[in-house]
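First up is the structure itself, then whatever we jot down about it.
Numbering of ligands and ligand atoms starts at 1, following listing order.
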Amino acid sequence: MTTVIKNGTIVTADLTYKADVLIEGGQIIEIGRDLKGDEVLDASGCYVMPGGIDPHTHLEMPFMGTYSSDDFESGTRAALAGGTTMVIDFALPSPGQGLMDALKMWDNKSTRAHCDYSFHMAVTWWSEQVFNEMKEVVDRGINSFKHFMAYKGALMVNDDELFASFKRCAELGALPLVHAENGDIVAEMSAKLLAEGNVGPEAHAYSRPPAVEGEATNRAIMIADMAGVPLYVVHTSCEEAHEAIRRARMQGKRVYGEPLIQHLTLDESEYFNADWDHAARRVMSPPFRNKQHQDSLWAGLASGSLSVVATDHCAFTTKQKRFGVGDFTKIPNGTGGLEDRMPMLWSTGVNTGRITMNEFVAVTSTNIAKIMNMYPKKGAVLVGADADLVVWDPAKSKTISASSQQSAIDYNVFEGKEVTGLPRYTLSRGVVTVEDGTFKGREGHGEFVARQPGTPVGRALSTWKELTAPRPVSRSGIPASGV
Ligand SMILES: NC(=O)NCCC(=O)O
Ligand SMILES: [Zn+2]
Ligand SMILES: [Zn+2]
């Protein structure tokens, strides 16, 4: 059985051209003019693009005394509805728990996925066991390790642990990721704010100013440089963090920055809303920033100093958010966005001229596939690639509303936003999962995507670090040992 996508314009990270796409066995088998297939999908007036890849989700994650409410079923359903065909979720060992043990838990949760998925492994504590298990994790096809520099007393790791883990990543050809906020300072500022009676959700933003993120981002970059490993900074939200990434990249350091669609399009005024629920629903770390920071992030996407756009989808219901009434530090941190990332970025980025269509494909899919080492299986419209595709109708509009969303939560942080640019079809390995807003996917269709260690960039950096490593100077006459 073959499927052909006809009459569309293919848009990749570097090309825009008219051609049909023929699919068989879940893969693209031919790209050309006047192709024929058993099933025909009409893409007239549409762009045919690699499906989105969200490199940062937390589905059914235990966090702050509860679990995020979207699991692999509702989360990946939401993803496909918005044109995202793959997610990379975080396997999160609790401190003291083995990595392989945590991985088993994530293997179990993910059996319900509608679309393909992969995992990052979090390093939430450090020991010989963690050191050893990192190799087993890599052998299982997980080549990226996340470190929290925030959430003191819970997930946070210190600089010595970061350095040890980053060096291990370098040895294994893996990529370290960081949540870059100075957790010590956040803890102290939070305690002071609470003591002064600043208990509402707005105090969450006061407790995590841009300097907290800029400092940690710069520190992580320098530690990664000393460990000789590339670095991926998740949810880059402000100029201070972007500035550290930009400077590092201009110095030749291999650093990637990941803004979220939330930080690009929503600002700190949300926290000053008179409705407690409205503000608390938007509590996430780092918090939303002002317009100047948003402009910085957009400029980073246009200039290439920031590499990808994610969601950090970690959705809590209003009831869960209310755990923090009277104490903002107890509001579960996180927001949703899986269904809205692609339409929101297209509407606020491509339709406004802030980024091109090709840049859109790069930051939502292709760059992610390359950085995470699964290109061109994912993130490409090429013969042999998986047929994870979105047929994108640039004229189709809707108003975002919780009442019509796939996510399990009872609100949407983008409520009321008008978007123009939506999927006509979303295909997961050749199977139509969404057609004109109707979900047709199948629970359990999603497969784990193994990612090998050793990206070209990681290998180049290792070669350079080895070439420039400190070496003893050989001198005649004086024995090196001093004897
Ligand atoms: N970002 C956030 O507030 N929640 C999810 C966990 C994390 O990524 O820090
Ligand atoms: Zn984080
Ligand atoms: Zn996250």
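Note: angle at the Zn ion (ligand 3), from NE2 of His56 to NE2 of His58, is 110° (rounded to 10 degrees).
Between His114 and Phe72, the distance separating the two ring centers is not shorter than 6.0 angstrom. Here the two rings, on His179 and His147, have centers that are 6.0 Å apart or farther.
Between Arg289 and the options His263, Glu239, Glu213, a side-chain hydrogen bond (donor to acceptor under 3.5 Å, both in side chains) holds for only Glu213.
Using a 3.5 Å distance cut-off with no hydrogens or angles, the side chains of Arg341 and Thr84 do pair a donor with an acceptor. Judged purely by distance below 3.5 Å, without hydrogens or angles, the side chains of Thr57 and Asp89 pair a donor atom with an acceptor atom.
Counting heavy atoms under 4.0 Å from ligand 1, residue Met284 touches it through both backbone and side chain. With a 4.0 Å cut-off on non-hydrogen atoms, Asn333 touches ligand 1 through its backbone as well as its side chain.
Between the Zn ion (ligand 3) and the N, O or S atoms of Asp312, the shortest distance is to OD1.
Judged by a 6.0 Å distance limit and a 45° cone about the ring axis, Arg168 is not positioned over the six-membered ring of Phe145.
Within the 4.0 Å heavy-atom cutoff, Tyr151 counts among the residues contacting ligand 1.
Judged by distance alone, with hydrogens and angles left aside, the side-chain atoms of Asn358 form a donor-acceptor pair with the main-chain N or O of Thr12 at under 3.5 Å.
Near His56, with a cut-off below 4.0 Å to any heavy atom, the atoms of ligand 1 are 8 (O). Annotation for ligand 1: atoms under 4.0 Å from non-hydrogen atoms of His235 are 8 (O), 9 (O). Ligand-side atoms of ligand 1 in range of Cys314: 5 (C), range being under 4.0 angstrom from any heavy atom.
The Zn ion (ligand 3) lies at 2.8 Å or more from every N, O or S atom belonging to His235. Inclusion of His179 in the first shell of the Zn ion (ligand 3) is not supported: no N, O or S atom falls under 2.8 Å.
Looking only at heavy atoms of the protein, atom 1 (N) of ligand 1 is closest to Asp312 OD2, 2.6 Å. Protein heavy atom at the shortest distance from atom 3 (O) of ligand 1 is Ser285 N, 2.8 Å.
In this structure the side chain of Glu133 never reaches within 4.5 angstrom of the side chain of Lys135, judged on heavy atoms.
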